[in-house]
Amino acid sequence: MMQAGKTPLDDFEIKILQLVQFDNLMPQREISDRVGLSAAAVARRLKRLRSTGIIRKDMSISKERAVGSPQTVIVEVTAKNGKPDLLDGMKRRFLNCPQVQQCYHVTGEADFILIINTRGMDEYTSLTRQLFFQEGNVKSFRTRVMMEEVKSADPIPL
């Protein structure tokens, strides 16, 4: 298997990735028992997977409602002007906004798809004023309010 950076993965690394995508706190000894390598070999491979960017981030995913941010919205944003420098400015703005959990520059009618998490609609309304009206280059945006999470943040099939 080849990755975007042309880094080949062997069968052991694929097995390691399958395990840590489900539980990145799994002890290396347990990983080594499951994949048939020594703990030191697992540690070396995990270090390589992280240093090459194949493992982009180790993180815990919080339950939104439990931390006081139960409102998730999906927003389609259409730019007024598609000039690269203006789109780059929008990307920076979205990247720097902590409520924007995911941002995708996409093809089609919209230019961006945002997944935003807020404490409620009042916070989202304020955020729209800041991100879409004050900062500029937004022609339109469409909001979809999440009613129920069916599936999110699942591991990538390997």
Can D111 and K139 be said to form a salt bridge (charged side-chain N to carboxylate O under 4.0 Å, His left out), step by step?
CA-CA 10 Å; D111 295 295; K139 177 181 176 183; over 6 Å; no

When you compare the side chain of M90 with that of F94, does any pair of heavy atoms fall below 4.5 Å?
yes

Strictly below 4.0 Å, N to O, side chains only: are R45 and D10 in salt-bridge contact?
yes

Can you name the nearest heavy-atom pair linking Q28 to A43, along with the distance?
OE1-CB, 3.2 Å

Are I115 and F132 linked, directly or through intermediate hydrophobic residues, by side-chain heavy-atom contacts shorter than 4.5 Å (ILVMFWY only)?
no

Applying the 4.5 Å side-chain criterion to the ILVMFWY set and letting contacts propagate, would Y124 and I113 be lumped into a single cluster?
no

Verify the neighbour count for atom CG of D85: are there more than 12 heavy atoms of other residues, nucleotides or ligands below 6.0 Å?
yes

Can you list the residues that meet the side-chain hydrogen bond (donor to acceptor under 3.5 Å, both in side chains) rule with E135, with sequence neighbours excluded?
none

Does any non-hydrogen side-chain atom of V138 lie less than 4.5 Å from one of R93?
yes

State yes or no: do I54 and V42 share one hydrophobic cluster built from I, L, V, M, F, W and Y residues joined by side-chain heavy-atom distances below 4.5 Å, directly or via other members?
yes

If we only count heavy atoms from C-beta on, is the V73 to T118 side-chain gap below 4.5 Å?
no

With side chains defined as the heavy atoms from C-beta onward, is the minimum distance between L49 and L9 less than 4.5 Å?
yes

Salt bridge between D33 and R29, side-chain N to carboxylate O under 4.0 Å?
yes

Within a strict 4.5 Å, meaning less than it, do heavy atoms of the R50 and D58 side chains meet?
yes

Check the surroundings of atom CG in D11: do more than 12 heavy atoms from other residues, nucleotides or ligands lie under 6.0 Å from it?
no

Student check: side-chain heavy atoms of E109 and T78 closer than 4.5 Å
no

Any chance the side chains of Q99 and E123 put a donor and an acceptor closer than 3.5 Å?
yes

Side chain to side chain, F141 and L114, heavy atoms closer than 4.5 Å
no

Are V100 and I74 co-members of a hydrophobic cluster defined by side-chain heavy atoms under 4.5 Å apart?
no

Judged by atom type as modelled, is there a donor-acceptor pair below 3.5 Å linking the side chain of N81 to the main-chain atoms of N137?
no

Heavy-atom check, side chain of Q71 versus side chain of V145, under 4.5 Å
yes

Determine whether more than 12 heavy atoms belonging to other residues, nucleotides or ligands lie under 6.0 Å from atom NZ of K91.
yes

